[in-house]
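The structure under discussion appears below in the form of structure tokens.
Position 1 is the first residue of the sequence; numbering continues from there.
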Amino acid sequence: MPVSVHMFPGQGDFPVQVLHRAAARDAALRRALRAVYEEIDATADTGPLPPLAGLLLGEHPPGGRELAHGPVGLPQLAHHGAAVAWQRVLAERHGPPDALLAVSFGELAALTAAGAWTVGAGASAAYGLARVLAGAPGALALIGCGEERAGRLAARAGGGRVVVGCVNSPRECVLGGPPEQLAAVERLAAEQGLTAVRLRLPFGSHHPGLGAQRQQFETLLRNGPLIRPPAVPVYSAVAGRRYAPAEDLAARAADCLVRPAHLPRILALLAAHGHTDYHEAGPGSALGRNAADCLRGTGARVPGAITDDTSTRTRGRGVPVEKGPHETPGRTPGESGEPGEPGEPGGALEELLHGRHHPGYLPRLHRALARHPYRVAEAPAEREPYLYRRLRALLRALPAAAELHADADALAAALAWAAVADPRLGMTVVTQGVLGQGSLLRLAGDPEGVRPELDAVDAGALRIGYLVTEAGRASSHLGAGTVAEFQPGRREFVLRTPEEGDAKFGGVPLYPGPRGAVVIARAVDAAGREGGVFAFLVKLADHDGPRPGVTLSPPVPVGALPLSYHRVRFDGVRVPEAHWLRDDADLDRHGHLHDPRTPADRLRRTLAVGQDLWGVLPTALAALARQSAVLAVRHSRHRETRAALAPGTPLLAHRSQQRALLGALADAFALSCAAARARELLAVARESDTAGAESGFAPWAAVSRPLSAYKAHCADEAERIVADCQRRCGHAGLADGNRLAGYHGFARSFDPAGGDSRLIRYDIGRALLDEAAPGGPPPLPTDLADPGWWPAVLARHQHTLTDWLRRATTEPPGGGATPFETWNPLLDRAAELGATYAARLAAEDLPRALATLPPDEATTALAHLAALRAADRLAGPLLRHRTLTPGELAGLENALERGYDRLLPHLDQVERAFAFPDGIV
């Protein structure tokens with residue numbers, strides 16, 4: 001049963017025009033507004049203010065600018081009354097709330113709704129606060145970053161007078177202070193690529209320098225009407241807790257002037273107390289958006305949560321969207337009030353495809369990537385400076401590494417947009433941003449020891465890569481040959497490559513300047529004891545070339561994804577102890593290694609950065625698949641055929657081409673749904689520890705089985721989709737300038753890269769034998785159009801394969817076989833089981849994603865066609881293993897044809913939704 005919270009926002013988000021339009025559409029809201037405003041007019045002490053009911057609900061209501069320039073207190077009373085009225089409608093439609101959440105100025109409306117004040121008394125308090133604020137010096141600015149970074153900005157540029165006044169979410173804060181110092185902080189934020197917006201409030205708040213104003217407001221409340229104990233629990237973002245029955249509410253309400261409001265902390269408390277549904281009381285969207293951000297991964301629902309600015313409006317992801325007080329079915333709430341459809345900026349489909357972001361984030365990526373046009377640039381002397389310029393522009397648009405890695409959606413979007421703009425740039429983001437910086441953030445025992453390097457990478461002054469693969473062991477990291485020997489006298493490690501086969505293979509930029517890498521090596525302590533596999537931050541080269549002891553081979557050509565790949569050898573390279581990414585291990589003063597983990601656990605922990613890659617890579621692969629399908633559709637529209645069958649007709653008129661390209665769009669949509677789920681899983685997996693997980697053929701599945709499965713499945717699917725689109729574009733699909741070859745090379749590279757996909761499938765298949773429950777296969781829906789049909793088929797297929805493989809491994813024909821003798825003939829069957837598990841996860845993501853989208857024929861058609869095409873591709877194995885009978889697949893071909901016909905009328909709409917901006921493609 002839902003446990004609901006009604007949330008009362010502060011003053012920074014009161015869109016008056018939205019209120020007017022909502023009242024015009026919604027009779028119940030209009031009645032509630034009139035009742036509240038008339039009661040305020042009749043009973044509140046509001047001085048010379050005009051009657052609110054006639055002003056705000058008349059034929060010509062004022063806009064936001066007019067309210068702001070009206071008498072002191074008019075905007076605050078309009079806001080306060082709207083929140084009280086809105087909450088009444090929420091209670092009528094969704095039932096009484098179990099708790100109220102008060103944020104800043106919203107404390108007064110929340111206490112009114114809780115019965116601590118009458119409507120008139122609450123409005124009098126709001127008017128009194130407005131008069132106090134009119135004399136409060138300072139200003140407020142919204143900064144698009146987390147609390148820690150906002151504090152550093154304030155300390156660096158604020159002259160000690162700028163403070164963090166509100167923490168709205170993990171990626172949004174409000175700073176307050178004198179306008180001049182605040183402007184300096186805004187400039188510094190802008191230089192670092194952060195959103196910095198001055199709030200249109202002519203006063204300061206949440207600042208310790210407002211002690212006199214706080215005392216003035218507390219005295220005003222104590223001299224006013226009695227404040228009764230709330231009849232409904234009230235949680236305060238300023239107090240950071242629930243108000244007690246005997247609380248001094250006059251003092252607590254006055255605290256809002258001097259104390260910060262911390263929304264994530266109070267929402268975590270509410271979630272811990274079992275609250276599940278959160279509704280914003282008011283026409284704004286910021287509080288709902290921030291609540292959805294803070295509550296992500298808790299299973300909470302924030303119906304109608306949106307983000308609204310001129311470039312993007314986004315609903316809260318992962319939570320069903322319900323109608324708010326003024327919404328109508330099938331509409332996207334917001335300034336426009338117009339029906340949302342896939343492809344509209346800020347629509348729910350856009351959020352599924354690109355993730356949920358702070359306003360302006362995607363436009364920043366767009367501008368940064370559009371700054372330098374795409375160039376083929378095969379020769380290293382031309383390619384490296386070009387890629388470096390593109391990387392620098394992108395880095396300026398991104399938040400700092402710690403903040404970026406804390407936000408799976410932001411990291412995934414950065415990788416996806418970079419890969420679509422230039423697959424080589426995307427691969428650079430993988431090695432430097434995801435794996436390199438991710439290792440520094442995850443594994444540094446002392447974060448301060450690597451902070452200069454992190455900052456240098458963020459600034460573009462240092463390039464780093466990730467060197468794990470060894471030339472003699474290209475697909476396995478279970479036996480790293482590179483050795484790091486500790487020397488206690490100098491408290492440093494010495495890195496060596498004993499054999500030619502131990503040489504690392506990976507990308508090392510040729511562009512002059514400092515270059516480094518996170519290197520995976522076996523640690524050996526001062527006593528000569530091996531201590532497992534660790535990561536080390538190693539400086540490889542500077543302006544003068546490779547550093548002493550580092551040998552780079554001539555570039556190793558890789559035509560599918562041309563970058564500067566080398567074999568790297570080490571001979572006595574010194575690495576300071578601070579650059580040993582020790583995690584929770586340690587070295588005592590004698591140089592003896594103390595590690596709380598077993599060697600197998602240490603390897604998994606060192607490679608756990610793979611979780612980050614597996615969580616965000618599917619978003620990039622899905623983006624490449626979508627853009628490839630769009631390019632193929634556009635090519636087919638304009639390419640005329642000259643064959644005798646129908647000379648002069650567009651290629652897209654041919655049914656065979658329609659099947660291929662409509663199918664590619666549907667398959668890319670399915671891939672996008674799986675990518676969205678991978679991002680959600682990453683947000684949960686970030687805090688998990690792999691200690692104690694059982695390893696098998698390789699460490700990957702033990703790090704994260706579902707995320708490793710998504711990586712293998714999405715890489716395989718993206719490669720297939722892009723290759724199909726290439727073939728359907730003829731010669732144009734092979735031209736490097738059209739990027740399809742690069743897209744295919746990027747997808748293809750992640751079959752062995754990022755954890756070998758075959759090893760992942762082997763290991764998942766092996767592990768499933770230990771977990772499958774006995775019993776018969778699950779029942780199947782009889783209708784192929786049922787969204788649950790395809791997931792149920794794959795669940796049954798997984799059950800069938802698991803049962804067969806278990807019998808084959810527990811009953812070896814000769815008896816007494818070694819593990820190798822048992823598994824050697826069965827690895828392909830284990831891989832088939834692992835692939836089926838991954839396909840089942842992706843199949844379940846289709847109906848899950850549709851449940852979060854507004855009803856729309858185009859997305860429903862995409863999902864239905866994707867499921868049918870997947871079934872068609874697996875028809876052989878399904879029949880061979882008797883998962884399905886021929887009769888159960890008899891209608892598949894006709895269903896597919898109907899699926900293509902159903903999607904074809906929506907082709908333009910889907911193309912617009914899937915296409916990336918022309919400025920980067």
Using only atom types and a distance under 3.5 Å, with no angle test, would you say the side chain of Tyr386 pairs donor to acceptor with the backbone of Arg375? yes

So do Cys725 and Leu631 actually touch side chain to side chain, heavy atoms under 4.5 Å? no

First locate atom CZ of Phe536, then atom OG1 of Thr606, and finally report the distance between them rounded to the nearest 0.5 Å. 9.0 Å

Do we see a donor-acceptor contact under 3.5 Å between the side chains of Gln627 and Arg739? no

Got a salt bridge between Asp724 and Arg720, using NZ or NE/NH1/NH2 to carboxylate O under 4.0 Å? yes

Would Gln437 and Asp458 count as having a side-chain donor-acceptor pair, cut-off 3.5 Å? yes

Do Leu563 and Leu387 come close enough that some side-chain heavy atom pair is under 4.5 Å? yes

Applying ring-ring contact (aromatic ring centres under 6.0 Å, His included), can you list everything that pairs with His354, at least two apart in sequence or on another chain? Trp417, Phe916

Which pairs count as salt bridge (charged side-chain N to carboxylate O under 4.0 Å, His left out) when at least one residue sits in residues 357-369, sequence neighbours excluded? none

Applying side chain to side chain contact (heavy atoms under 4.5 Å, CB included) to Asn738 and His635, what does each step give before you reach the verdict? CA-CA 11 Å; Asn738 291 329; His635 170 82; over 6 Å; no

Taking the side chain as C-beta and beyond, is there a heavy-atom pair between Val575 and Leu537 under 4.5 Å? no

Start with the C-alpha distance between Leu467 and Thr482, add both sets of side-chain angles, then the distance that settles side chain to side chain contact (heavy atoms under 4.5 Å, CB included), and finish with yes or no. CA-CA 11 Å; Leu467 297 179; Thr482 303; over 6 Å; no

Report, as yes or no, whether the 6.0 Å neighbourhood of atom CZ on Arg152 holds more than 12 heavy atoms from other residues, nucleotides or ligands. yes

Other residues, nucleotides, ligands: >12 heavy atoms within 6.0 Å of Arg567 CZ: no

Looking only at the side chains, is there a donor atom on one of Tyr361 and Asp407 sitting less than 3.5 Å from an acceptor on the other? no

Step by step, work out the side chain to side chain contact (heavy atoms under 4.5 Å, CB included) result for Phe570 and Val519. CA-CA 11 Å; Phe570 305 102; Val519 177; 3.9 Å; yes

Between Val420 and Leu624, is a side chain to side chain contact (heavy atoms under 4.5 Å, CB included) present by the stated rule, with each step listed? CA-CA 6 Å; Val420 168; Leu624 297 182; 3.9 Å; yes

Students often mix this up, so state it plainly: with edges at 30° and 60°, are the rings of Trp580 and Phe534 parallel, tilted or perpendicular? perpendicular

I'd like to check the side-chain hydrogen bond (donor to acceptor under 3.5 Å, both in side chains) partners of Glu719; sequence neighbours left out, ordered by chain and number. none

Evaluation steps, side-chain hydrogen bond (donor to acceptor under 3.5 Å, both in side chains), between Arg383 and Ser564: CA-CA 9 Å; Arg383 181 186 65 229; Ser564 295; 3.2 Å; yes

Is the backbone N or O of Pro618 less than 3.5 Å from a side-chain atom of Arg679, with the two atoms forming a donor-acceptor pair by type? no

